[in-house]
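Comments concern the structure below.
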Number of protein chains: 2
Amino acid sequence: MAQSNPPFMSGVPELLLLRLLDRNEMYGYELVRSIRDATGEAITLGEGVIYPVLHSLERNGALRSKRKAVGGRTRVYYSLTKKGRQRLEKLQNDWRRIQGGIANVLEAPGHA
Amino acid sequence: MAQSNPPFMSGVPELLLLRLLDRNEMYGYELVRSIRDATGEAITLGEGVIYPVLHSLERNGALRSKRKAVGGRTRVYYSLTKKGRQRLEKLQNDWRRIQGGIANVLEAPGHA
DNA sequence: CCAATATACCTTGAACTAAAAGGTATAACA
DNA sequence: TGTTATACCTTTTAGTTCAAGGTATATTGG
């Protein structure tokens, strides 16, 4: 059986993506650059990460998409559903918790 | 060849462990509880994570170990070398960078 | 005008990490 | 005396990310 929990720090790509889409609807290719820029190059997620996450979030009803033709090319714009906003909130809490846990260790009063 | 960079957010187990050992020397089994406690249960790393990391850090010269017999059982205490302290500093900077990048996205001024 | 680059979508395969479980052995507790 | 806790460790499985490949249209530059 061996049912395994996800690694303790996953869900960050999903979090970033949901947070950005909550502000403005965007398409995949745009998100790749947007994440790189918004994190000051600290995090770069390739298309191989972004597209699968978008698809799985849409399947789960957290995102809705609409296609737009822009100058001959097709863009698929994504935006949050109510479920997506709930998911965002949950991931945000998860993140704060682990971020806080790590901060506890790093910022604990200096050497004995 | 396909040589691959480590995932953007790895190195956290190593960071926590180095930070704790920089304060007090400890043994593996103790570190497992210590990480769980110090992070307020936000992060629990099992022995299957801790021991391999300890061994690889020792192989790389970041940790030194000494065995102590305590009441019939043997404990292997680890402490940082100079190289370990440098490694700690690097990981701490890496972490701050990605943590900051994520904070930028999360705390960016609200909806348009 | 034609080649290279950028935009835009997507998938597959390899690499890496962490989780779960298994394995040994001693000591303490009930 | 058997179960739980301490203490070490490894192996297997699962999950995530990375790198690269694959298609197609538009734009830029030589």
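These numbers come from the heavy atoms of this one structure, side chains and all, not from hydrogens, waters or symmetry mates. Here is how names work: the chains are called A, B, and so on, in the same order as the sequence lines, proteins then strands, and each is numbered from 1. This structure is a prediction, so every number in the text was calculated from the model and none was measured.
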Find every protein N or O atom lying less than 3.5 Å from an N or O atom of nucleotides 10-12 of chain D, and list the pairs.
from, atom 1, to, atom 2, distance (Å)
dT10(D), OP2, His55(B), ND1, 3.4

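- Distances shorter than 4.0 Å separate none of the side-chain N or O atoms of Asn5(B) from OP1 or OP2 on dA15(C).
- Atom P of nucleotide dC8(D) and atom CG of Leu31(B) are separated by 9 Å, given to the nearest angstrom.
- Closest approach of Arg19(A) and Arg23(A) over heavy atoms only: NH1-CG, 3.2 Å.
- Checking dT7(C), dC16(C), dG15(D) against the side-chain heavy atoms of Ser4(A) singles out dG15(D) as nearest.
- Protein atom CG of Leu57(B) is 13 Å distant from nucleotide atom P of dC9(D), rounded to whole Å.
- One can place CD1 of Ile43(A) at 15 Å from C1' of dC18(D), the figure rounded to the nearest angstrom.
- Checking side-chain atoms of Asp22(B) against main-chain N and O of Leu18(B) turns up no donor-acceptor pair under 3.5 Å.
- Against DNA chain D, the stretch residues 7-14 of chain B makes heavy-atom approaches under 4.0 Å through Pro7(B), Phe8(B).
- For the side-chain hydrogen bond (donor to acceptor under 3.5 Å, both in side chains) condition, the pairs that include at least one residue of residues 89-98 of chain B, sequence neighbours left out, are Lys90(B)-Asp94(B).
- Formation of a donor-acceptor pair under 3.5 Å by the Lys68(A) side chain with backbone atoms of Thr74(A) is not found in this model.
- Across all non-hydrogen atoms, the minimal contact from Thr39(A) to Ile35(A) is OG1-O, 2.8 Å.
- When the salt bridge (Lys or Arg N to Asp or Glu O under 4.0 Å) test is applied to Arg87(B), the partners found at least two apart in sequence or on another chain are Glu14(B).
- At dA8(C), one or more side-chain N or O atoms of Tyr27(A) fall inside 4.0 Å of OP1 or OP2 (strictly under the cut-off).
- The NZ atom of Lys68(A) sits 17 Å away from the C1' atom of dT7(C) (whole-angstrom rounding).
- Within the 3.5 Å criterion, the main-chain N or O of Tyr77(A) finds no donor-acceptor partner in the side chain of Ser65(A).
- Between the Glu30(A) side chain and the Tyr27(A) main chain, a donor and an acceptor come within less than 3.5 Å of each other.
- Between the side chain of Arg64(B) and the main chain of Leu80(B), a donor-acceptor pair closer than 3.5 Å is present.
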Using nucleotides 4-6 of chain C, report all nitrogen or oxygen pairs with the protein that are shorter than 3.5 Å.
none

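- Applying the side chain to side chain contact (heavy atoms under 4.5 Å, CB included) test to Thr44(B) and every residue at least two apart in sequence or in another chain returns Arg36(B).
- Among all heavy-atom pairs drawn from Ala42(B) and Gly101(A), the shortest one is CB-CA, 4.4 Å.
- Distance OH (Tyr77(B)) to C1' (dT6(D)): 12 Å, rounded to an integer number of Å.
- Nucleic acid contact for Val70(B): none, since no nucleic acid atom lies under 4.0 Å from a heavy atom of the residue.
- Atom CD in Glu30(A) sits roughly 11 Å away from atom P in dT7(C) (whole-Å rounding).
- Atom CD1 of Ile35(B) is separated from atom P of dA18(C) by 11 Å (rounded to the nearest Å).
- Annotation: Lys66(B), atom NZ; neighbour count of heavy atoms from other residues, nucleotides and ligands within 6.0 Å does not exceed 12.
- Leu54(A) places its CG atom 16 Å from the C1' atom of dT16(D), with the value rounded to the nearest Å.
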